[in-house]
Amino acid sequence: MSSTASLDLKSHLAGLFETALKLVAPEARGTSVTVERPKQTSHGDYASNVAMQVAKQVRRNPREVATALIAQLPDSPWVERVEIAGAGFINVFLRPTAKQDVVRRVLTEGAAFGRGTFGLNRKVQVEFVSANPTGPLHVGHGRGAAYGASLANVLEAAGFDVAREYYVNDAGRQMDILCISVWVRYLEMCGEDVPFPPNGYQGDYVRTRATELKAIDGGRLSRPAREVLDGLPAAPEGDEAAVEARMDALIERARTLLGPAFEHLSRIVLDRQLDGIRDVLTRFGVTFDMWYSERSLYDSGRVAEALAALDAAGHLYTQDGARWFRSTAFGDDKDRVVQRENGLYTYFASDIAYHHDKLQRGFELVIDVWGADHHGYIPRVKAAIAALGCDPAQLQVPLIQLVALYRGGEQVRMGKRSGSYVTLEELMDEVGVDATRYFYLARKSDQHLDFDLDLAKSQSNDNPVYYIQYAHARVASVLQQWGGDPGDLAGADLAPLDSPAEMQIMQRLIDFPDAVEAAARDLAPHGIAFYLKELAAEFHSYYNGTRFLVDEETVKLARLALAVAVQRVLKNGLALLGVSAPEKM
RNA sequence: GUGCCCGUAGCUCAAUUGGAUAGAGCACCGGCCUUCUAAGCCGGGGGUUGCGGGUUCGAUUCCUGCCGGGCACGCCA
């Protein structure tokens with residue numbers, strides 16, 4: 001029964017209008033009545049446009065309809081008065097008690113305030129980050145991590161049953177190239193003169209892996225340079241195709257020379273890479289329920305199984321020696337290869353199997369957080385889901401746009417090729433976890449993000465994350481001065497809270513569950529960041545002009561109760577963003 | 001060339017999914033600490049929402065044509 005105040009008020013008011021509508025315009029009974037919060041306080045606490053919506057249907061002018069609706073509106077203990085405004089808006093003004101009530105509710109519900117039932121306990125999976133384990137996480141992955149983690153929190157708060165998952169691309173050529181890169185560094189350390197392939201992974205972490213490998217296995221994986229290099233195709237500088245061909249030959253050679261030890265090497269390298277990624281994410285406050293291996297999809301036969309299902313339904317065909325999925329039958333631009341001429345499956349094949357598996361695990365909603373550069377990939381995955389007999393709407397793919405770092409007003413240039421990109425770890429070390437996560441979430445995910453390092457680092461009033469945290473800390477400070485038990489405040493008489501500033505703040509608190517629900521519905525956690533900034537601003541303003549520790553006991557307790565309620569909502573909201581709520585700054 | 005996304009104050013971004021006079025922060029100008037944290041507050045100037053049409057009571061939002069920017073278009077992952 002602890003549904004939220006705002007939902008209570010909104011549905012309560014909508015119910016009043018529906019009752020009146022039945023009497024005034026029975027023929028428009030089907031109209032869904034919406035009640036919104038107007039932007040301007042002069043337009044009341046809540047407003048409905050129902051009169052304008054039905055005006056045409058009943059062939060009367062909107063203001064006339066509104067007048068009739070108001071005349072038939074049932075009495076309500078929460079409503080003070082109702083006005084007609086503008087083209088036919090009906091504005092509702094609430095009694096103070098309707099707002100004051102939220103303070104008690106926040107204090108009683110505590111960490112649970114803001115949680116709702118919108119999700120109906122439905123099972124939803126959020127898959128995010130899923131960066132290739134072939135290198136460290138960079139600032140782009142960081143944005144996906146912050147977004148995915150916060151989205152998962154928001155969905156959970158909105159009443160979904162959420163599973164957080166990282167898809168590990170541990171199969172395929174990129175992984176092999178990483179292994180070769182490590183192996184060549186390893187051979188160098190063993191004194192073998194093997195030139196480093198130009199398309200290998202250049203970073204320092206590759207040497208680190210090689211060092212670890214040598215510590216574990218000594219020189220057991222070493223082979224004479226001529227055995228490694230003999231007969232490999234030449235790769236003239238600048239000839240990309242030849243360079244790739246030489247790499248493929250080198251991979252084959254390594255498998256031949258090392259035998260089962262190649263898998264051993266691969267396993268160690270992968271584990272260490274994942275350990276590194278996991279450590280950084282954990283420091284960043286991002287954790288997963290499941291790390292799902294792409295390779296396991298092959299080992300368990302799920303890829304073959306998913307393709308067999310498509311085949312059985314008649315959605316596969318053979319052409320030019322390859323197996324194709326007829327994705328055009330489900331809205332894709334062109335058909336897609338799932339098994340190459342050489343017999344190897346494509347990445348898409350394992351992705352079909354992966355999504356097949358997700359749906360089989362009973363997730364009603366599957367959310368893939370992807371980089372925006374993958375947007376062209378969405379239609380084919382949705383096509384596969386449809387071809388497997390499921391509803392493509394069960395998959396939603398929020399896209400995360402690029403991040404550009406700025407330092408001293410200049411963009412920090414990054415290039416994968418040169419290995420000069422900034423890692424998430426470096427960003428966290430420089431800026432701090434709280435500011436990093438807040439800045440990532442401070443705008444819509446599908447917008448380019450200009451990340452101002454100087455601003456994020458500045459311990460000043462310019463920095464929005466500190467602005468919000470400071471509001472939280474200020475309440476703690478007042479409570480300390482007061483010295484009483486905040487637990488007693490839930491029973492405080494709230495009648496003294498009647499100033500415009502107090503009304504505004506209480507309405508803002510009432511809005512919090514709505515903000516959570518909207519963020520979940522739109523897969524847009526940035527709404528929480530904006531909400532918190534506004535709540536903090538209103539509180540700072542109030543704080544500046546109001547003394548809490550006054551002589552009159554009832555006024556003091558009422559104000560403290562409000563302050564603690566604000567503090568609680570700030571804390572709950574910051575938690576959704578993965579940002580800490582310090583008691584002292 | 002085709003498809004998707006974007007264009008809002010000098011800068012960085014919002015705008016309750018079609019609502020009322022488009023809002024914040026930064027920057028700029030002017031005020032407020034003998035009082036619970038000035039990492040704060042108060043006031044001021046700043047706009048043809050890229051441009052032109054259309055849909056309707058009403059458009060930053062939906063449709064369309066241009067202009068400008070980004071991304072994707074592989075038997076790579």
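Letters go in sequence order (proteins before strands), and every chain restarts at 1. From a predicted model like this one, the values you see are computed outputs, not experimental measurements.
Around atom CG of A:Asp299, more than 12 heavy atoms belonging to other residues, nucleotides or ligands sit under 6.0 Å away.
Ring geometry for A:Tyr377 against A:Phe348 counts as perpendicular: the plane angle is over 60°, on a 0 to 90° scale with 30° as the lower cut.
B:A72 has no stacking from A:Tyr377 on its base ring, since the centres under 5.5 angstrom apart and planes within 30 degrees of parallel are not both found.
Salt bridge A:Asp45/A:Arg37: absent, no basic N to carboxylate O contact under 4.0 Å. Salt-bridge check for A:Glu502 with A:Lys99: failed, with every basic side-chain N at 4.0 Å or more from each acidic carboxylate O.
In this structure, A:Ala47 reaches the bases: a heavy-atom distance under 4.0 Å links it to at least one base atom across the strands shown. Among the protein residues, A:Ala85 comes within range of the nucleic acid bases, having at least one heavy atom under 4.0 Å from a base atom. A:Phe530 comes within 4.0 angstrom of the backbone, heavy atoms only, and of no base. Backbone-only engagement by A:Arg443 is indicated by non-hydrogen atom pairs under 4.0 Å involving sugar-phosphate atoms exclusively. Here A:Ala471 lies out of heavy-atom contact (under 4.0 Å) with every strand. Using a 4.0 Å heavy-atom distance criterion, A:Asp335 is classed as making no nucleic acid contact. When heavy atoms are screened at a 4.0 angstrom cut-off, A:Ser477 is found touching base atoms of the nucleic acid. Within the nucleic acid shown, A:Asn61 has no heavy atom closer than 4.0 Å to any nucleic acid atom. Contacts of A:Asp450 with the nucleic acid, taken as non-hydrogen atoms under 4.0 Å apart, involve only primed sugar atoms and P, OP1 or OP2. Contacts of A:Lys584 with the nucleic acid, taken as non-hydrogen atoms under 4.0 Å apart, include base atoms. Counting any heavy atom pair closer than 4.0 Å across all strands shown, A:Lys39 reaches a base atom.
Within the 4.0 Å cut-off from OP1 or OP2 of B:U16, not a single side-chain nitrogen or oxygen of A:His43 is found.
Within the 4.5 Å cutoff, the side chain of A:Val58 has heavy atoms near those of the A:Val65 side chain.
The closest side-chain donor-acceptor pair between A:Gln174 and A:Thr134, if any, does not fall under 3.5 angstrom. Between the side chains of A:His540 and A:Arg474, at least one donor-acceptor pair of N or O atoms lies under 3.5 Å.
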Report all interatomic pairs (protein N or O, nucleotide N or O of nucleotides 3-5 of chain B) with separations under 3.5 Å.
residue, atom, partner, partner atom, Å
B:G3, N2, A:His375, NE2, 3.2

Mind listing the N/O atom pairs, protein and nucleotides 54-59 of chain B, below 3.5 Å?
residue, atom, partner, partner atom, Å
B:C57, OP1, A:Lys56, NZ, 3.2

Run the numbers on A:Lys10 and A:Asp514 for salt bridge (charged side-chain N to carboxylate O under 4.0 Å, His left out), then give the verdict. CA-CA 10 Å; A:Lys10 268 193 177 178; A:Asp514 269 352; 3.4 Å; yes
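Put simply, the side chain of A:Asp351 and the base of B:A77 share no donor and acceptor less than 3.5 Å apart.
Nucleotides B:G52 and B:G46 place their P atoms 22 Å apart, quoted to the nearest Å.
For RNA chain B, the neighbouring residues in residues 336-346 of chain A, judged by any heavy atom under 4.0 Å, are A:Val337, A:Arg340, A:Glu341, A:Thr346.
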What pattern of brackets, bars and dots sums up RNA chain B from 5' to 3', given Watson-Crick or G-U wobble pairs under 3.5 Å, [ ] for crossing pairs and | for another strand? (((((((..((((.....[...)))).(((((.......))))).....(((((..]....))))))))))))....
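When atom types are taken as modelled, the side chain of A:Asn61 and the backbone of A:Glu64 share a donor-acceptor pair closer than 3.5 angstrom.
Checked against side-chain contact (heavy atoms from CB on, under 4.5 Å), A:Tyr406 has the following partners two or more places apart in sequence or in another chain: A:Ala404, A:Gln411, A:Asp450. Looking at residues two or more places apart in sequence or on another chain, you find a side-chain contact (heavy atoms from CB on, under 4.5 Å) between A:Arg508 and A:Tyr531, A:Glu534, A:Leu535, A:Glu538.
Anti is the conformation of B:C63, whose glycosidic angle sits further than 90° from 0.
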